[in-house]
Amino acid sequence: MSTTVLQSTIDPSAPAFTANREALLERLAELEEALDQARGGGGEKYVTRHHGRGKLLPRERIELLLDPDSPFLELSSVAAYGTDFPVGASTVTGIGVVEGVECLIVANDPTVRGGAINPWSLAKTRRAGEIAAANRLPMVNLVESAGADLPTQAEIFIPGGRVFRDLTRLSAQRIPTVSVVFGNATAGGAYVPGMSDFTIMIRDRSQVYLAGPPLVKMATGEVTDDESLGGASMHATTSGLADFLASDERDGIRLARQCVRRLNWRKHGPPPRNPHPLPPRYDPEELLGIASADLKVPFDPREVLARVLDDSAFDEFKPGYGTALVTGWGELHGYPVGVLANARGVLFSEEAQKAAQFIQLANAADTPLVFLQNTTGYMVGTEYEQRGIIKHGALMINAVSNSTLPHLTVNLGASYGAGNYGMCGRAYEPRFLFTWPNAKSAVMGPAQLAGVLSIVARQAAAARGREYDEDTDAAMRMMVEQQIESQSGALFLSGRLYDDGVIDPRDTRTVLGLCLSTIHNGPVRGADGFGVFRM
């Protein structure tokens, strides 16, 4: 096969490479600290208490559920970071292989406020449901939740109903759902097993009811007990809510695996073109030194592709036109992909037109798209406005919006302004979006935003005939820059679920490979048409 192998020019001994690597390692240390908080659950006291009751932690349950030595792609790992709620949002979600089937798994963490659902765990659970529906993944819920976090019920009660709606819609789309109840599933939590295709309960452990004994007494005056009201044996023999009655947690997980094994599941997308792909020719460790520590300094995304694509092979499309955007074809873990990657921060008219054509070609060839973001947005200024930057940017965004292919997005550095939209940011619903720890995303860079506010304030003062206070201006600019610097960071944005996770750059190939395998559970088909293109 004739193809082009990328040639790397990286010098790992160069001072710039070393500085970039050190800066990224600092960000990775911050990420690891946040992940440790998430893995720690409710803290040592509550973890010890939970184990003391003979119960497993959510990640231990997931490990037993998955096929031995198979990977688990955890999603939204640092949800709620930087908020008033614990990092991880009292829920673990991710994609793993069960009996050879890729499944979307949601596990409540009962060591964090009894597994109660807060606004961020609701958002995280809903995102998991979106991923299951979009990629046709069977969904396994490992349930142990006290229901709604009552102090924040106003934020979760009304939108929370969508979780149950989404479960029933998965079933209607012939996407199976399985629930294993390990403890309490109270109030809204009771509807997860209630609306699943298969429900497993554990003898003397599971308690599923809309209202516990105290609330029943308050509401009706009836005096009852947990087992009669909602125990596993009752539901397995009397109400019929439980399809299987397990003897303990491990038996419940065994039964869940049995349910998945009997699904007769098969993928609807094509298999990898090459089942035995060659790895990249360059060391992925070098990815730590490629992204610039200073986001204003561009870097060549081909150096990233050389460490991500199979055999470092990449057939570039339109290499001499619109050179601030790299487009082309490659394979990743055997799957064909089209790539759009920012080579310099700014997108001009040529890049936008090139991108729109390339996206159309990929749709015609039913080839998934990978977007590698590092952009400050579309070019501004009189010359560029007169040349049609708005309509050309709209052309690119139209193509991204109406492409029906699976899109995978990774923010490698900057993702500012409308460039975030054109390069398939969160609002454009890529199947998955991940972020490197050094990356930032905002309306514009901190200095630019503070400068704009300063200019507007100066003009307002002049219009009123007042003298402008330079000291106040300097303080305002510093405050705004610090605020934007903080709010545009990878951990801040991931904490608010604006991506599906912050990843180690060295894991980029593996993560994208898992995502490509996942999206091929469903059909992969390009669009038959697009909206009106302003030419």
Side-chain angles (χ1 to χ4, degrees), residues 1-6 102 131 134-136 267-280 301-302 304-319 321-322 325-343 351-373 395-410 412 422-425 428-434 508-531 533:
M1 181 178 69
S2 176
T3 191
T4 305
V5 174
L6 292 165
E102 286 158 333
I131 291 171
N135 298 287
R136 196 173 164 271
K267 292 189 173 189
H268 287 189
R273 177 187 293 165
N274 182 0
H276 304 291
L278 293 173
R302 297 174 189 85
V304 176
L305 295 174
R307 291 157 179 82
V308 171
L309 296 177
D310 295 352
D311 198 29
S312 302
F314 182 63
D315 294 330
E316 192 164 346
F317 173 76
K318 262 184 162 61
Y321 183 80
L325 182 71
V326 174
T327 55
W329 313 100
E331 293 185 3
L332 208 161
H333 281 280
Y335 291 102
V337 293
V339 176
L340 297 94
N342 301 115
E351 283 75 16
Q353 293 173 90
K354 172 179 171 178
Q357 181 188 359
F358 184 74
I359 291 167
Q360 285 182 298
L361 290 171
N363 275 265
D366 297 332
T367 303
L369 289 170
V370 176
F371 293 80
L372 301 182
Q373 297 180 337
L395 180 78
M396 179 177 176
I397 292 173
N398 184 330
V400 172
S401 302
N402 290 291
S403 166
T404 57
L405 296 169
H407 296 173
L408 305 176
T409 301
V410 184
L412 310 181
M423 290 297 292
C424 201
Y428 290 79
E429 298 184 343
R431 294 291 183 90
F432 295 94
L433 191 157
F434 294 96
T508 304
R509 173 176 165 82
T510 300
V511 169
L512 290 176
L514 291 171
C515 291
L516 283 165
S517 180
T518 295
I519 64 178
H520 283 81
N521 277 276
V524 176
R525 179 173 170 77
D528 294 321
F530 292 81
F533 284 148

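This chain uses plain numbering: 1 for the first residue, then up along the sequence.
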Would you check if Trp329 and Pro336 make a side-chain contact, meaning some heavy-atom pair closer than 4.5 Å? no
Could you grab the distance from atom CG of Leu325 to atom CZ of Phe317, nearest 0.5 Å is fine? 11.0 Å
Would you please say whether a donor-acceptor pair under 3.5 Å links the side chains of Arg431 and His407? no
Any sub-3.5 Å donor-acceptor pair from Lys318's side-chain atoms to Lys354's backbone N or O? no
Flag, side chain of Thr404 to backbone of Gly526, donor-acceptor distance under 3.5 Å: yes
What closest approach, in Å, do Tyr335 and Pro271 show between heavy atoms, and which atom pair accounts for it? CE2-C, 4.0 Å
Kindly say whether Ala399 contributes a backbone atom to a donor-acceptor pair with the side chain of Ser403 at under 3.5 angstrom? no
If you look only at pairs with a residue in residues 513-525, which of them pass as a side chain to side chain donor-acceptor pair (under 3.5 Å), with sequence neighbours excluded? Glu102-Ser517, Glu102-Asn521, Trp265-Asn521, Lys267-Ser517, Arg525-Asp528
Quick check: do Pro368 and Leu408 have side-chain heavy atoms less than 4.5 Å from each other? no
Heavy atoms only: give me the nearest Pro280-Ala306 pair and the separation to one decimal. CB-O, 3.4 Å
Does the side chain of Asn398 come within less than 4.5 Å of Phe530's, by heavy atoms? yes
Heavy-atom side-chain proximity of Phe358 to Gln353 below 4.5 angstrom: no
Side chain Thr367, main chain Val337, donor-acceptor under 3.5 Å: no
So, the side chain of Asp315 versus the backbone of Gly328: is there a donor-acceptor pair under 3.5 Å, distance only? no
By side chain to side chain contact (heavy atoms under 4.5 Å, CB included), Thr510 pairs with (sequence neighbours left out) Leu514
What verdict does the side chain to side chain contact (heavy atoms under 4.5 Å, CB included) test give for Ile131 and Phe432, after you've listed the backbone C-alpha separation in whole Å, the side-chain angles of each residue and the deciding distance to 0.1 Å? CA-CA 8 Å; Ile131 291 171; Phe432 295 94; 3.8 Å; yes
Is the closest side-chain heavy-atom distance between Val524 and Pro406 below 4.5 Å? yes
Answer yes or no: is there a side-chain heavy-atom contact under 4.5 Å between Leu372 and Leu340? no
Less than 4.5 Å apart, side chain to side chain, heavy atoms only: is that true for Glu316 and Thr4? no
State which residues pass ring pair (Phe, Tyr, Trp, His ring centres under 6.0 Å) with Phe434; sequence neighbours excluded, sorted by chain then number. none
What pairs with His276 under side chain to side chain contact (heavy atoms under 4.5 Å, CB included), at least two apart in sequence or on another chain? Asn274
Salt bridge Asp310-Arg273, side-chain N to carboxylate O under 4.0 Å: no
Return the CG to CG distance between Leu6 and Leu309, rounded to the nearest 0.5 Å. 7.0 Å
Between Thr409 (side chain) and Leu433 (backbone), is there a donor-acceptor pair under 3.5 Å? no
I'd like to check the ring pair (Phe, Tyr, Trp, His ring centres under 6.0 Å) partners of His333; sequence neighbours left out, ordered by chain and number. none
Counting distance only, does the side-chain N/O of Arg509 pair as donor-acceptor with the main-chain N or O of Val308 below 3.5 Å? yes
Looking at residues at least two apart in the chain, or sitting in another chain, which of them share a ring pair (Phe, Tyr, Trp, His ring centres under 6.0 Å) with Tyr321? none
Pro430 and Gly425 have their tightest heavy-atom pair at CD-O, 3.3 Å
Nearest 0.5 Å, please: how far is CZ in Phe371 from OG1 in Thr327? 11.0 Å
Start with the C-alpha gap between Arg302 and Val326, add the side-chain angles, then the distance that decides, and say whether side chain to side chain contact (heavy atoms under 4.5 Å, CB included) holds. CA-CA 8 Å; Arg302 297 174 189 85; Val326 174; 3.4 Å; yes
Does some side-chain heavy atom of Met423 sit less than 4.5 Å from a side-chain heavy atom of Asn342? yes
